[in-house]
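Before any comments, here is the structure.
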Amino acid sequence: MSTYGSTVVGDDLREQQDLLKPLGKRPESSVSPNGRTAGKPFVNDIETEIEERPFFVRIGKGGLISALQELDKQLAQSGRQKLLSKKVPTDWIGSEISPGQVGLINHGGSPKILTRPGRYPGFPLRNWWARRFVGKKGLSDTSIEFLGLTVVQVSQNQAAVISDPQNRIFVIKNAGFVAFAIEGTYDVLSIVDQTHLPGVVKDRTTGAILGWTHEVKMMSKVAAKDREYVVATFLNIPASNCAILQRGDHLELLSAGQSVITNPSVTLRGLFTLGENQIEMPTKDIFTRDQVPVQLTIYLKWQLTEPLKLTTHGYNSPYDALRDKTQSILTQIVAHLDYSSMVVKQRNLGPDNMEDGSDPSSAFLDALRTRAMDEMHEAALEYGIILKDLAVIDRQFKGDIALTMDKLTTRALQAQVEAANVDRENSNKVKQEEGALSVARIKAQARNTQADADAYSVIAAAKAEAERLRITAEAEAQAIRIKSNAAAEITDQFARELELRRIEVTKVKAYGSKAVFVPAEGPGAMMGQAMAVGMASGLGAQQANSSNSK
């Protein structure tokens, strides 16, 4: 697809013509129900303009050789020198032309083209004295320029910007042509990759990418100085974005896709996104009714749906329109409120955050809900914008009241910090006490467990000792009974006497050799008792004498 003097070259001319709808009235147009005018867009008839150029042949299905033959026929019919050489190749000497190549010959300043493969001998054979072999080119080369002959072939996603002999600019996309300039030249200014344009266009407010652009320039000499001038502007607009074109007082919408502007009377007004956007916007200083300056920070969320309305009102971005209108509406609202009504840190204007009226900031929030939201929504619709959310997220007071508020805020923050520190210390102490209590509880449980174990051990030892004593006593008693029975069964007098003596020996061994045994019964017992009374009387008399002497 190519154009001369046109504005847009798209993938489909009919589709572009349906999408480009100018704003404003033209003599041949009619007004549509949506307020736009449906008339002739900024795209001219491409095929008619190409046919107006002499000796210009499009490269079709037959390829480059077929187009050169057609151009050669047109030159011959006009009485001019033919383009294709009549020389016949040989197979033994000369410059070689391989299949897929063409040879270039300078024939007295006129171009001659060798299209048949083979060898072409030089001087003096085959009358080469008036000719000079210049070189070879490939049949698939993108650009060939030789002595007024121009060949351009661009592949998919490529576009060639051409200047014709009258310095008129046209663009070739996904096609090619051969042309011979009788006066002047066809100049290939640039071969552009439409899918990778170098210039990135971003929204200066949100930073979103709106599209990519590339400008093709042509050198011209003005007052003995060479200067560059923009002759074509390429656009690559992603999905959900668009561009606005302007010609005079008329505007047209260009949808997403690959396009190029070549008409000097058409300019690019701007690129826009049709998706959702959001930003935090600080306002200028606004004075309350009691002359307290305050600056608000507003959260805005919007979507541009009709860019033509926005550009018609003179705005280059939705943010500029919303900023001016928001500043105006907030100034009117705040000017009717006192400072006390503005003491609000953060509130949202949605329906889920309704106040009960006891808050001093309720008047401010009610005014924003009833006026700001409604007026902003209506104003945004005039600019082709849908306002989806509006919120006050911060406020800053200026002047003396700001200093006072800062002091109070600082004190409040200090109090909050101190309270937080006290709470933290108390919490730490409580945790320490709880930890100590837990340790003590664990130790007490351990001691109780140990005491239970010790008591169990003592009880078990006592039971064992008692059992041992019982068993020992029973054994001894059993032994005594056995001995008694054995002694009772002794009938020999000598044996009995011997047993008594053995008992005496045992007693002496047990009590010692100095022990005196006194009989407890009979005359011996009475003698022992008399001896004890006598010893006691002697001891008493001795004690009495010692007392008298003192």
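For the numbers below, each heavy atom of this structure counts, side chains included, while hydrogens, waters and symmetry mates do not.
- Within the 3.5 Å criterion, the main-chain N or O of T195 finds no donor-acceptor partner in the side chain of N157.
- Residues R323 and D320 meet the side-chain proximity criterion, which asks for heavy atoms closer than 4.5 Å.
- T326 places a side-chain heavy atom less than 4.5 Å from the side chain of M376.
- In this structure, the side chain of N106 does not engage the main chain of R132 through any donor-acceptor pair within 3.5 Å.
- Taken to the nearest 0.5 Å, the NZ atom of K112 stands 6.5 Å off from the NE2 atom of H107.
- With hydrogens and angles left out, the side-chain atoms of Q303 and K388 include a donor and acceptor closer than 3.5 Å.
- Scanning all heavy atoms of the two residues, the minimum distance from M219 to E228 falls at CE-CG, 3.5 Å.
- In this structure, T312 contributes its side chain and L308 its backbone to a donor-acceptor pair below 3.5 Å.
- The shortest distance between side-chain heavy atoms of D389 and L300 does not fall below 4.5 Å.
- By the 4.5 Å heavy-atom criterion applied to side chains, Y186 and V152 are not counted as neighbours.
- Aromatic rings of F133 and Y120 (six-membered ring for Trp) have centroids beyond the 6.0 Å cut-off, not under it.
- Around NE2 of H336, the count of heavy atoms belonging to other residues, nucleotides or ligands within 6.0 Å does not exceed 12.
- Using a 4.5 Å cut-off on side-chain heavy atoms (C-beta onward), I97 and K136 make contact.
- Summarising the local packing, CD of Q166 is surrounded by more than 12 heavy atoms from other residues, nucleotides or ligands at distances under 6.0 Å.
- The nearest pair of heavy atoms linking K301 to E276 is CE-OE1, 3.3 Å.
- I113 is listed as a side-chain neighbour of L104, based on a closest heavy-atom distance under 4.5 Å.
- Counting only heavy atoms from C-beta outward, the side chains of T90 and P121 approach each other to under 4.5 Å.
- The heavy-atom pair separating V266 from I261 by the smallest distance is O-CG2, 3.8 Å.
- The main-chain N or O of P307 is found under 3.5 Å from a side-chain atom of T311 such that the two form a donor-acceptor pair.
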In sequence, state the C-alpha distance, the side-chain angles, and the governing distance for V188 and T142, and then conclude on side chain to side chain contact (heavy atoms under 4.5 Å, CB included). CA-CA 10 Å; V188 181; T142 301; over 6 Å; no

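- Considering only heavy atoms from C-beta on, V178 comes within 4.5 Å of I59 through its side chain.
- Note that the CG atom of N277 and the CH2 atom of W302 stand 5.0 Å from one another [nearest 0.5 Å].
- A cation-pi contact links R53 to F170, judged by a cut-off of 6.0 Å to the six-membered ring centre and 45° from its axis.
- Taking all atoms of both residues into account, the shortest heavy-atom contact from P165 to A181 is CG-CB, 3.7 Å.
- At distances below 3.5 Å, not a single donor-acceptor pair connects side-chain atoms of E70 with backbone N or O atoms of D72.
- Looking only at distances, a side-chain donor or acceptor of Q295 sits under 3.5 Å from a matching main-chain atom of T283.
- Taking CG of L268 as the start and CG of L254 as the end, the distance is 8.5 Å to the nearest 0.5 Å.
- Crowding of R119 atom CZ: a count of heavy atoms from other residues, nucleotides or ligands under 6.0 Å exceeding 12.
- The backbone N or O of D187 lies less than 3.5 Å from no partner atom in the side chain of S163, so there is not a single donor-acceptor pair.
- Nearest heavy-atom pair across P318 and I385 is CB-CD1, 3.6 Å.
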Working for side chain to side chain contact (heavy atoms under 4.5 Å, CB included), residues R80 and F55: CA-CA 11 Å; R80 293 178 172 83; F55 308 116; 3.4 Å; yes

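- Here OG of S110 is found 9.5 Å from CZ of F146. Values are rounded to the nearest 0.5 Å.
- More than 12 heavy atoms of other residues, nucleotides or ligands lie within 6.0 Å of CD in Q291, so this atom counts as buried by the packing criterion.
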Can you check side chain to side chain contact (heavy atoms under 4.5 Å, CB included) on Y319 and T206, steps first, answer last? CA-CA 9 Å; Y319 171 75; T206 62; over 6 Å; no

Quick one, L189 with I169, criterion side chain to side chain contact (heavy atoms under 4.5 Å, CB included). Give me CA distance, side-chain angles, the key distance, then yes/no. CA-CA 9 Å; L189 303 179; I169 306 299; 3.8 Å; yes

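- Between the side chain of Q153 and the backbone N or O of D141 there is at least one donor-acceptor pair closer than 3.5 Å.
- A distance of 12.5 Å separates OG1 of T262 from CD1 of I162, quoted to the nearest 0.5 Å.
- From T305, atom OG1 reaches atom CG of L274 across 8.0 Å, with rounding to the nearest 0.5 Å.
- Side-chain atoms of N241 come within 3.5 Å of backbone N or O of L210 as a donor-acceptor pair.
- A donor-acceptor distance shorter than 3.5 angstrom exists from the side chain of Q327 to the backbone of K284, with no hydrogens or angles considered.
- Pairing each heavy atom of V154 with each of I191, the nearest pair is CG1-CD1, 4.2 Å.
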